[in-house]
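Take a look at the structure set out below.
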Amino acid sequence: MVELSLKVKENSQKFLKKYVLDEGLCTGCGACVSICPYQVIYRDRTVQLHQCDLQDGNCSAFCPRTPADPAALRKMLFESADLTPEIGAVKGYYFSRAADPELRATAQHGATVTVLLELALSEGLIDSAVVSTRNQEFLQEGVIVNNTEAIRKNTGSKFTVSPTVAAFNRLVTKEAGNVGVVATPCQALALAKMRISKTEEFENKIKQLKLVIGLYCGWTLSVEKYTKLLLDKNITPESIRKMDIPAGKNVLEIFTDDGAKAIPFEEVQACVRDACQYCMDSTAEYADVSVGSARFAGSWEEVRQWNQLIVRTEKGKALVDLAVKKGVLEVRTAPEESLNELKAAAVNKKKNALKNIIRKSGSVKNLLYLDSRDPAVLKYLTKEVFNKKVK
Amino acid sequence: MSKLLSPAKTEVLFMGNEAIARGALEAGVSVVSGYPGTPSSEVIERLSEVARERNLYVEWSTNEKVALEVAAAASFAGLRSMCVMKQNGVNVASDFLLHLSSSGTRGGIVLVECEDPGALSSVNEGESRYFARMLEVPLLEPASFQEAKDLTKWAFELSEKIRNIVILRSVTRMSHASGNVICGKLPEKFRTARFISDGSVMDPLRGPVVSTPVVIKHGLQQKKLQTAAGLFEKSPFNSYTGPKRPELLIITSSACFLYSREAIEMLGLQKRVGILKLSCTWPLPEKLLKKYLRLTDRIMVVEEVLPFLEENIKVAAMGMLKEIGMKTFYGKMDKTLPSAGELNPEIVVAALSKIMKVKPASLPAAYVKEIQKVAPKIPPRAQTFCPGCPHRASFWNINTALKLDGREGIVCGDIGCYAMASLWPEIGFHTVRTLHSMGSGTGLASGFAKLAAFGLDKPIMAVCGDSTFYHAVIPALINAQHNKADITFIVLDNAGTAMTGFQPHPGINESAIGDPLPSIDIAAICRGIGAKVAVSDPFDLEGTGKILTSFMAERGTLKVLILKQACALSPEKKGKKQFQVKVNEELCLGDHCGCNRLCTRIFRCPALTWDREKKKAVVDEVICAGCGVCYSICPQKAITRTEVAQ
């Protein structure tokens, strides 16, 4: 760990190449892109075009797959009393949905993200938001929106990675006012690392970040593999209107112009981006609020209309409270067992990630980008994880 | 009037290559052909300037082999002709040369080859003197500027006397240095061409010109060589200067004669060391050699590059051992002198002082001190592409495409200014991985593309210039297309043989002397063989990038991208800026742009400089060619460009 940190100092870009890109750890979040001309995103890959010789560049400082100081990050962003080892800070945990049923029909699940984003914009909490958009193929990119219409055009889960942080970097290069970002866990982590960054020249940029709405994320799909899978199933990317993973069915549902299609989950999983198997975070722990699909007993048609919502920060709480007060968001208290289920799933993801990391590094002592001294890591470095490795 | 046409008896300062050209004029040459290549190009360039006045046909041919064939035809028709090339050009011409030397020639024909010891302007240090021995033709090496003229003229006479081609070898320091030359007479009459071929196959002047019957003609060729050796024995071009009984005899040729003479003077050894200067170096005049070998027991052979003379002298000495006795030889074979790189007077001084046990005079201490003080202040001048060079933009495009593709594709390089991308990798953004002879990049790519089955499954590219395309790429390209080699082949078409000074090539609609000629379209040739062809402007980074990435994604076939943009130094472009380019200091983030000086550190256009005080990029307007490419690469859009009214 210490050794790795030292290497970062040698040359950030080379470090990024050796320990992140070449190792298959790159999440494609875009944090290292648009802060300089050397890294770009091409399709869903991060590409280093030229060699930079900066010793401690922002690229490796911001990357969610380089060593970080998680204790410092948590201290900066959250109240210590709210912290849980499983899913990070929890100020409140709810089921939520947009009051407007029309919005729910077009957006993913309860449309909570859309509601919160629209509210933050209309209330002037933020001047613009960075969300992801998908093009004709499965390629996503961050897009800057500042009105309802633009937000609603880009709702819905896409399941491939979006270099959203790159769009954020582009936006804050100039005076952008207050900015909100809808982020996956890796993107939220990158944004958190930016906030803690000490570089003078980036300080003014990151100050503009006022809101991070996190998205639950189990994995993302490799564009190349996923496109191939869909082609095999005779599904053209441009015909897709919406995608979903319904509870308990073990399929990926794809709603196309020609109707709904279901792809067996194991086939989809074969397309998961390598980097995702080393990720410890499924609930976007470094966000102000995190939103995922709801899971509770009841008909899927009912469940599908709801989100899970974790409120993590004061700022997040204020926004959710305002949404409820304005009557745009319906919120109900989630039962304890639902939270426990979520935690269990999150722990499972953490353990799997550690297992995969140890398998990759070949040693319990080398956790790649993670710090074994971090209690949130140490806690899951259990015998079970070790033993799997020995197998 | 060109100084090449100076009247007889006048003394003119001629560059070695001009002296050769004048010699050819004095010999009454009618046809001159060649392919450009440093240090040979000026011979034809100067002759093309006087072509109309002297009734010459001057041609820049497609390659050296064709050039020699063109010159040989003139010889067969009874005219005097000359073919000019650089050292490795002889390799290209050598197949024809083998057969030509065997068939014999009629009108005097001289092959002038200018070599580049030290590879100052080459990617090889080829020694072509061995061709003379291997192909059994006479070899002449002028050792002064006067001799460059006189020996050239005599080479035509020799060729006509023995009815075979003669090779005249020069080196960079002979071709490119200048000296005074007293001119001879220019002939007043011009020959007419007549090709008589209805006689017997054994009739050298009236029969068909063929190398058969091989064994008989080969025997005749060897007799011609003996005749030449006989003439060499009495030739005034070989001379001895020095004491009657020297302690050491230097045998030398070409520029090394000048180095040796200077070294002897520097060491004050005029009374102890003699120099036998040979300008007729193959076949060796053995009687002459014997006479001087007898003078002393110690011999040093001074020559560039390989020990050609040394080997031949040693072999000859072995045959006359009884008469001359045992000798000690110094030279390249015993490592007294290096057999790689250029020689100079200092190297000869070092060798001589060691053998003669004398100390070279050292420089005054104060002078040395001053040099040591000043030397570090000389700013280093790195080799790079000129401001506005299309190659910089082309390699920028290629690098970007390769990186985006992500499969670590391989680019095979070729010969031209763009070869700098292989020699100094940062200039070509670390893209080019091979560099060999003209056209080889495409052949190598054709081969690399077939290694996928063995595990080397990467995108393969080759680059070549426009002149190189015509010279030697076409067969390789046909090979690639026919064998379904999956390569992206890129022509860096900068509208001329730019590196050697804009000599026209088949793609240019003008001859060596400026007459209109039809140009041959590269795209049409490539389409003709069935390749997919696109044409783009390398300055259009976006458009070119799209073509390249789509070409790389398209597997299994030959794709051709022609990147057309004239060289920044081309006569039609030089001094004319398309854009006025400036840096907006407010927008330039300097060291902190997070780009770590992409413009000056990576893009490296010499016109983009760094203001160390302001810590901002600055455009040097004096050398900026106004291509405007840097406008496209600046991530902050801090470089602005405004179209200049033409």
Side-chain angles (χ1 to χ4, degrees), chain A residues 11-14 16-17 21-22 24 26 28 31-62 137 139 163 166 169-170 172-175 194 197-206 222-224 227-228 274, chain B residues 392 395-409 421 425-431 459 541-542 545-546 548-550 552-553 555 584 586-605 608 615 617 629-639:
Chain A
N11 179 303
S12 310
Q13 196 199 33
K14 278 185 191 153
L16 212 54
K17 172 154 173 54
L21 297 176
D22 291 353
C26 173
C32 62
V33 173
S34 296
I35 48 175
C36 77
Y38 300 108
Q39 269 98 233
V40 296
I41 291 278
Y42 182 66
R43 302 189 71 83
D44 60 347
R45 286 182 286 116
T46 304
V47 175
Q48 295 186 334
L49 287 178
H50 297 282
Q51 281 177 15
C52 161
D53 61 2
L54 282 188
Q55 297 305 298
D56 43 6
N58 287 333
C59 56
S60 68
F62 297 167
E137 294 176 77
L139 301 173
N169 289 338
R170 270 198 304 278
V172 298
T173 298
K174 47 190 185 293
E175 289 293 324
M194 287 180 176
S197 153
K198 294 277 190 305
T199 57
E200 203 182 304
E201 43 104 9
F202 207 75
E203 213 178 86
N204 287 329
K205 296 180 182 172
I206 195 65
S222 145
V223 168
E224 200 187 332
T227 310
K228 195 175 172 296
D274 281 348
Chain B
R392 179 181 293 103
F395 285 115
W396 187 271
N397 286 309
I398 290 168
N399 173 64
T400 305
L402 285 172
K403 290 285 165 62
L404 294 182
D405 173 84
R407 285 177 288 162
E408 295 178 331
E426 66 278 10
I427 299 174
F429 313 111
H430 302 268
T431 47
L541 301 185
E542 205 189 327
K546 274 187 189 149
L548 277 174
T549 43
S550 76
M552 273 195 287
R555 307 291 296 269
N584 180 336
E586 306 240 312
L587 288 177
C588 174
L589 298 181
D591 267 328
H592 275 308
C593 89
C595 74
N596 190 12
R597 297 192 231 163
L598 177 83
C599 53
T600 56
R601 198 178 60 86
I602 302 286
F603 190 63
R604 296 169 78 103
C605 173
L608 280 166
K615 300 203 168 185
V629 176
C630 55
Y631 154 86
S632 305
I633 63 132
C634 175
Q636 301 299 333
K637 291 279 164 256
I639 301 177

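Given the structure is predicted, the values throughout are model-derived calculations rather than measurements. Naming: A, B, ... by sequence-line order, numbering from 1 per chain.
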Gap separating the NE2 atom of His50(A) from the CD atom of Glu426(B), nearest 0.5 angstrom: 13.0 Å

How close do [X] and [Y] get, heavy atom to heavy atom, and via which atoms?
X         : Y         : answer
Leu404(B) : Val40(A)  : CD2-CG2, 3.6 Å
Arg45(A)  : Lys403(B) : NH1-O, 4.4 Å
Asn399(B) : Leu49(A)  : ND2-O, 3.0 Å

Lys228(A) NZ: over 12 foreign heavy atoms closer than 6.0 Å: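 Check fails, neighbour count at 12 or below.
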
Worked verdict on Tyr38(A) versus Leu598(B) for side-chain contact (heavy atoms from CB on, under 4.5 Å): CA-CA 8 Å; Tyr38(A) 300 108; Leu598(B) 177 83; 3.5 Å; yes

Set of residues satisfying salt bridge (Lys or Arg N to Asp or Glu O under 4.0 Å) with respect to Lys17(A), sequence neighbours excluded: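 Result, salt bridge (Lys or Arg N to Asp or Glu O under 4.0 Å) vs Lys17(A): Asp22(A).
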
Proximal component of Thr173(A), with respect to chain B [non-hydrogen, under 4.5 Å]: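 Contact with chain B: side chain only.
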
Residue that, paired with Tyr42(A), satisfies side-chain contact (heavy atoms from CB on, under 4.5 Å) out of Asp405(B), Thr549(B), Thr400(B): Thr549(B)

